[in-house]
Asks: 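Got a structure for you, written out below as structure tokens; questions coming shortly.
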Number of protein chains: 2
Amino acid sequence: MVSRTVAQVRVVIAKCSVDYAGRLTAHLPLAARLLMIKADGSVLVHSDGGSYKPLNWMSPPCTLQVLDPDEDQCAAGFTEIWTVTQAKTGDRLVISIAEVISDSSHDLGVDPGLVKDGVEAHLQELLAEHIETLGDGYSTVRREFMTAVGPVDILAKDSEGVSVAVEIKRRGGIDGVEQLTRYLELMNRDPLLAPVNGVFAAQEIKPQARALAQDRGIRCVVLDYDALRGMDDPASRLF
Amino acid sequence: MVSRTVAQVRVVIAKCSVDYAGRLTAHLPLAARLLMIKADGSVLVHSDGGSYKPLNWMSPPCTLQVLDPDEDQCAAGFTEIWTVTQAKTGDRLVISIAEVISDSSHDLGVDPGLVKDGVEAHLQELLAEHIETLGDGYSTVRREFMTAVGPVDILAKDSEGVSVAVEIKRRGGIDGVEQLTRYLELMNRDPLLAPVNGVFAAQEIKPQARALAQDRGIRCVVLDYDALRGMDDPASRLF
DNA sequence: GACTAAATTTCGGTA
DNA sequence: TACCGAAGTTTAGTC
């Protein structure tokens with residue numbers, strides 16, 4: 001046995017059936033599939049289709065053990081039995097291989113990782129800068145205004161100096177309205193802040209969320225990401 | 001050009017950099033990675049590590065176009081430029097390839113799909129059958145009892161005939177308590193149902209969720225999946 | 001470390 | 001088809 005200092009990813013195309021027993025039990029009938037074994041021992045079972053999610057998988061840390069098939073498994077036509085186990089949770093993935101069509105390994109090295117830009121944080125930043133989007137005379141008091149039950153995305157004041165708590169979401173669902181409701185409940189108990197009005201701002205607001213907000217006297221505002229961005233940099237609107 | 005009637009999955013190991021522009025923008029610096037192209041045109045960019053989630057991907061339906069690099073890209077050492085676009089959303093994934101280390105395709109056929117067992121639905125079924133777990137004299141009225149704001153997992157009655165709304169979660173967090181609160185609020189306005197008590201049942205209940213539930217007069221019950229299952233089938237407890 | 005909220009979420013069910 | 005909630009969610013950020 002040679003110790004391997006270089007991590008490799010291994011790709012196997014094989015006819016196999018798969019059984020998982022852990023937080024649930026699942027079974028995949030015999031078929032040709034793509035198996036990916038990563039350096040950390042994690043295993044992915046992919047079919048040709050679906051989304052980025054594998055049919056089955058085992059998350060690291062876990063160990064792969066390759067066993068010879070027993071008599072019954074031999075008789076059923078299986079040549080190798082892979083057992084992937086996670087010591088901590090006791091999860092177990094068993095891949096029964098009937099035929100290996102392809103098997104190759106490659107050294108990928110350590111990935112430098114990815115750079116992300118422009119999510120909810122950006123929306124919040126843009127709206128805080130252009131809070132007048134909510135109405136003439138609005139001004140931003142603070143972003144991430146802390147309360148005992150969590151930070152309010154933006155605390156603002158309207159033209160009459162009345163406090164406004166703004167909750168920002170990319171997609172506005174019921175949970176966002178609940179979140180804002182909790183903030184408002186608490187803030188309205190604070191004599192230094194009260195009264196506090198609520199604004200639920202999102203790029204898209206679900207009908208049920210809108211109904212719930214309305215029922216609670218919370219104003220809904222649909223945000224136009226491109227328009228907000230365009231205010232900062234008019235050139236970007238052209239592209 | 002030969003039309004291809006057989007779907008294939010293609011695996012490419014390549015040094016590449018990746019740029020995604022869509023719901024967010026992301027960039028991956030030049031490194032060796034595994035590219036999987038499925039028959040439906042979807043593309044997955046995997047590194048050797050992380051979880052089952054790719055570093056980057058494009059969901060179907062989408063199309064892959066392979067272009068020659070322009071002058072600048074040539075000078076930067078790129079040999080192929082892959083552009084994956086989704087017509088509907090305008091999402092765009094650009095994979096700039098500096099070196100192809102391996103490239104192979106395999107016919108996988110149509111996957112028969114997987115069989116799942118034992119999730120939250122199962123918990124609900126088990127508890128509905130053994131509702132006396134919540135207390136002597138409890139009886140199940142209905143599973144998935146519909147309200148205007150969604151279905152209550154189980155509607156039951158206690159030994160005195162008082163209605164009890166049960167919300168079941170595998171892991172009980174604050175959101176689950178909020179959900180149950182919404183149901184209770186609505187149901188208690190219905191003279192035919194009121195008064196309705198609440199029970200928050202989960203395999204695991206987070207401290208903050210428990211505190212919130214207590215504050216609202218909702219009883220918390222920790223479910224023992226194995227014990228519930230054991231009531232159905234005593235033999236299963238042995239294994 | 002525990003917990004909460006977001007995710008390019010994806011996936012399944014139902015109205 | 002749209003909407004809603006669960007997921008073997010995973011992941012990132014905050015307390």
Side-chain angles (χ1 to χ4, degrees), chain A residues 20-26 42 45 50-60 62 84 86 89-93 113-114 116-121 123-124 144 146 148-151 153 167-176 178-179 182 202 204-211, chain B residues 18-26 42-45 50-60 62 84 86 89-93 113-114 116-124 144 146 148-153 167-176 178-179 182 204-212:
Chain A
Y20 167 75
R23 276 162 286 191
L24 59 71
T25 57
S42 58
V45 181
S51 66
Y52 68 70
K53 200 175 175 180
L55 294 167
N56 266 121
W57 71 93
M58 185 65 83
S59 303
C62 57
V84 191
Q86 203 187 41
T89 61
D91 288 18
R92 170 183 289 261
L93 185 71
L114 92 159
K116 274 190 192 181
D117 270 312
V119 263
E120 188 187 300
L123 261 186
Q124 186 193 115
E144 302 287 346
M146 279 305 303
V149 291
D153 286 341
E167 176 65 30
I168 300 170
K169 287 274 180 284
R170 201 167 63 74
R171 286 188 309 186
I174 280 181
D175 55 344
E178 295 286 10
Q179 203 175 329
R182 284 200 299 275
E204 177 202 342
I205 296 179
K206 301 280 180 73
Q208 292 203 4
R210 186 180 291 275
Chain B
V18 182
D19 288 277
Y20 167 76
R23 277 160 286 190
L24 59 73
T25 57
S42 59
V43 177
L44 285 63
V45 181
S51 67
Y52 66 72
K53 199 174 174 179
L55 293 167
N56 258 316
W57 70 93
M58 184 67 83
S59 303
C62 57
V84 191
Q86 203 188 38
T89 61
D91 287 19
R92 169 183 289 262
L93 184 72
L114 92 160
K116 275 191 191 182
D117 269 312
V119 265
E120 187 188 301
H122 197 200
L123 261 186
Q124 186 193 116
E144 301 287 346
M146 279 305 303
V149 291
V152 177
D153 287 340
E167 176 65 30
I168 298 170
K169 286 275 181 285
R170 207 168 60 74
R171 285 185 311 185
I174 280 182
D175 54 343
E178 295 286 11
Q179 203 176 328
R182 284 199 300 276
E204 177 203 344
I205 297 179
K206 301 281 179 71
Q208 294 203 7
R210 185 182 290 274
L212 186 63

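Protein chains get the first letters and strands the later ones, always in sequence-line order, with residue 1 at the start of each. Atoms considered below: every heavy atom in the structure, side chains included; atoms not considered: hydrogens, waters and symmetry mates.
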Asks: Taking OP1 and OP2 of dG5(D), is either one under 4.0 Å from a side-chain nitrogen or oxygen of Gln179(B)?
Replies: no
Asks: Take the protein atom CD of Glu144(B) and the nucleotide atom C1' of dA6(D), then report the distance between them rounded to whole Å.
Replies: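 These atoms are roughly 12 Å apart.
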Asks: Using heavy atoms to find the nearest nucleotide of DNA chain C for Met58(B) and Lys206(B) separately, return the residue whose nucleotide is more 5′.
Replies: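 Result of the comparison: Lys206(B).
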Asks: Check the phosphate of dA5(C) against Arg182(A), side-chain N and O only, distance under 4.0 Å to OP1 or OP2. Yes or no?
Replies: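 Yes, because at least one side-chain N or O of Arg182(A) sits under 4.0 Å from OP1 or OP2 of dA5(C).
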Asks: Compare every heavy atom of Ile174(B) with every heavy atom of Arg182(A), then report the nearest pair and how far apart it is.
Replies: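 So the minimum-distance heavy-atom pair works out to NH1-CG2, 4.1 Å.
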Asks: Under 4.0 Å, heavy atoms only, any strand: does Pro151(B) hit a base, just the sugar-phosphate, or nothing?
Replies: nothing
Asks: Base, sugar-phosphate, or nothing for Asn56(B), non-hydrogen atoms under 4.0 angstrom?
Replies: base
Asks: Can you list the residues that meet the side chain to side chain donor-acceptor pair (under 3.5 Å) rule with Gln86(B), with sequence neighbours excluded?
Replies: Thr89(B)
Asks: What are the two closest heavy atoms between Val45(A) and Pro54(A), and how far apart are they?
Replies: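 Closest approach of Val45(A) to Pro54(A), heavy atoms only: O-CB, 3.3 Å.
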Asks: Let me have a per-nucleotide readout for nucleotides 9-15 of chain C, 5' to 3', with B, S or -, counting only protein heavy atoms under 4.0 Å.
Replies: BSS----
Asks: Output the rounded distance in Å from NE2 (His122(B)) to P (dA6(D)).
Replies: 18 Å
Asks: Of Glu204(B) and Pro54(B), whose nearest nucleotide on DNA chain C comes first from the 5' end?
Replies: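 Looking at DNA chain C, the more 5' nearest nucleotide goes with Glu204(B).
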Asks: Strictly by modelled atom types, are Gln124(B) and Glu144(B) linked by a side-chain donor-acceptor pair under 3.5 Å?
Replies: yes
Asks: What's the shortest heavy-atom distance between Asp153(A) and Ile168(A), and which atoms?
Replies: OD2-N, 2.7 Å
Asks: Could you state the atom-to-atom distance from CG of Asp175(B) to P of dT4(C) in whole Å?
Replies: 9 Å
Asks: Is Lys169(B) paired with Glu204(B) through a side-chain N to carboxylate O contact shorter than 4.0 Å?
Replies: no
Asks: Taking for each residue the nucleotide of DNA chain D with the nearest heavy atom, is it Ile174(A) or Gly22(A) whose nucleotide lies nearer the 5' end?
Replies: Ile174(A)
Asks: Could you work out the separation of dT11(D) and dC11(C) based on their P atoms and round it to a whole Å?
Replies: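 About 16 Å, rounded to a whole number of Å.
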